[in-house]
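Residue numbers count from 1 along this sequence.
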Amino acid sequence: MVLSDQDLSKAIATGRLMVEPFDASAIQPSSIDLRLGRMFRVFVNQTETHIDPKLEQPDLTEEVHVAADGKFVLHPGDFVLGGTIETIQMAADLVGRIEGKSSLGRLGLMVHSTAGYVDPGFRGKLTLELSNHANLPILLWPGMRIGQLSVMQLTNPAIKPYGTDGLNSKYQDQPESTPSRSHLGFG
């Protein structure tokens with residue numbers, strides 16, 4: 001069951017869902033709007049020859065910080081990591097989905113490739129997988145409403161929510177957009 005605006009407000013008021021900083025105007029009929037942060041991770045292709053998910057590649061991406069009144073230019077075909085301003089915390093009986101805003105999707109902007117799922121128990125900022133499918137550059141402005149979080153009620157609380165010891169929860173408490181930690185899944 002997807003939570004409605006009134007159920008989202010109740011979940012926030014009771015602490016089952018944390019959105020910080022919280023802006024009541026972000027609550028939509030069945031989602032919460034998310035805003036774009038100022039830090040992006042861009043892929044370095046001048047020195048890296050390939051991506052190997054089995055290896056830790058700390059030099060694969062580099063941080064780009066945009067001024068509060070600045071912009072980030074996302075060129076056609078580009079893929080970068082961005083993040084939300086909001087820090088999210090999900091209760092053990094809630095799960096979320098990140099989706100794009102339809103008005104931005106109509107411009108060719110995708111906010112996630114495959115990682116649109118927010119597990120029960122997740123805590124941290126959300127990493128966005130931003131890609132431009134248009135044939136013109138898209139300007140991304142820090143603070144703009146970039147996506148939306150829909151929240152669903154589980155049939156029962158998760159026994160082992162994200163972040164539980166032994167789960168290998170690689171992104172718990174991430175303070176900004178975080179590069180892939182896929183190498184931690186091998187072994």
Rounded to the nearest 0.5 Å, what separates atom CD in Q89 from atom CZ in R16?
12.5 Å
Please tell me whether I12 and M152 are part of a single hydrophobic cluster in this structure, the criterion being side-chain heavy atoms less than 4.5 Å apart.
no
Can any side-chain N or O of K125 pair as donor or acceptor with the backbone N or O of S177 at less than 3.5 Å?
no
Under 3.5 Å, side-chain donor or acceptor atoms of residues 130-143 against the rest of the protein: list the pairs with distances, not counting sequence neighbours.
unit_1	atom_1	unit_2	atom_2	d
S131	OG	H133	NE2	3.2
N132	OD1	A134	N	2.7
N132	ND2	L74	O	2.8
N132	ND2	L136	O	3.0

In sequence, state the C-alpha distance, the side-chain angles, and the governing distance for V80 and F72, and then conclude on side chain to side chain contact (heavy atoms under 4.5 Å, CB included).
CA-CA 10 Å; V80 301; F72 183 91; 4.0 Å; yes
What's the shortest heavy-atom distance between M90 and V118, and which atoms?
CG-CG1, 3.7 Å
Assess whether a salt bridge exists between E62 and R41, defined as any Lys/Arg side-chain N lying under 4.0 Å from an Asp/Glu carboxylate O.
no
So if you build clusters from Ile, Leu, Val, Met, Phe, Trp, Tyr with side-chain heavy-atom gaps below 4.5 Å, do V111 and V64 land together?
yes
Any donor-acceptor pair under 3.5 Å from R38 side chain to V66 backbone
yes
Is there a donor-acceptor contact under 3.5 Å from the side chain of E176 to the main chain of G83?
no
Taking Q172 for the side chain and R123 for the main chain, is one N or O donor matched with an acceptor at less than 3.5 Å?
yes
Interatomic distance, I32 atom CD1 to D5 atom CG [nearest 0.5 angstrom]
10.5 Å
Go through the steps to decide whether I146 and L109 satisfy the test side chain to side chain contact (heavy atoms under 4.5 Å, CB included), and finish with yes or no.
CA-CA 9 Å; I146 191 81; L109 180 67; 3.7 Å; yes
Should V95 and L8 be counted in the same cluster of Ile, Leu, Val, Met, Phe, Trp and Tyr side chains packed under 4.5 Å apart?
no
In one Ile/Leu/Val/Met/Phe/Trp/Tyr side-chain cluster, 4.5 Å: Y117, L81:
no
Do the side-chain N and O atoms of T127 and Q174 include a donor-acceptor pair separated by under 3.5 angstrom?
yes
Inter-residue atom distance L94.CG - I88.CD1, 0.5 Å rounding:
11.5 Å
Please verify the inter-ring angle class for Y162 with F122; under 30° counts as parallel, over 60° as perpendicular, anything in between as tilted.
tilted
F43 vs I51 side-chain heavy atoms within contact, under 4.5 Å
yes
Exam field: side chain E129 to backbone S113, donor-acceptor pair closer than 3.5 Å:
yes
Which residue pairs pass the salt bridge (Lys or Arg N to Asp or Glu O under 4.0 Å) test when at least one of the two sits in residues 100-111, sequence neighbours left out?
D33-K101
Separation of L126 CG from I85 CD1 (nearest 0.5 Å)
12.0 Å
Under 3.5 Å, is there a donor-acceptor pair between the R145 and S25 side chains?
yes
Determine whether E86 and D23 make a side-chain contact, defined as any pair of heavy atoms from C-beta on separated by less than 4.5 Å.
no
Under 3.5 Å: donor-acceptor pair, side chain of S30, backbone of Q28:
no
Knowing that exactly one of L3, L17, I27 qualifies, which makes a side-chain contact (heavy atoms from CB on, under 4.5 Å) with S9?
I27
With heavy-atom distances below 4.5 Å as the criterion, would you say the side chains of R97 and H112 are in contact?
yes
With a 4.5 Å heavy-atom cut-off, do E63 and F40 have their side chains touching?
no
First locate atom CD of Q153, then atom CE of M1, and finally report the distance between them rounded to the nearest 0.5 Å.
5.0 Å
Is there a path of hydrophobic side-chain contacts, each under 4.5 Å between heavy atoms of I/L/V/M/F/W/Y residues, joining L128 to V73?
yes
T47 OG1 to L60 CG distance, which is reported to the nearest 0.5 Å:
9.0 Å
Counting distance only, does the side-chain N/O of Q148 pair as donor-acceptor with the main-chain N or O of G100 below 3.5 Å?
yes
Donor-acceptor pair, distance only, cut-off 3.5 Å: does the side chain of Q57 make one with the backbone of D52?
yes
Check this for me: K170, atom NZ, are more than 12 non-hydrogen atoms of other residues, nucleotides or ligands nearer than 6.0 Å?
yes
Are more than 12 heavy atoms from other residues, nucleotides or ligands located less than 6.0 Å from atom CG of N168?
yes
For the residue pair A92 and P120, what are the closest heavy atoms and their distance?
O-CB, 3.5 Å
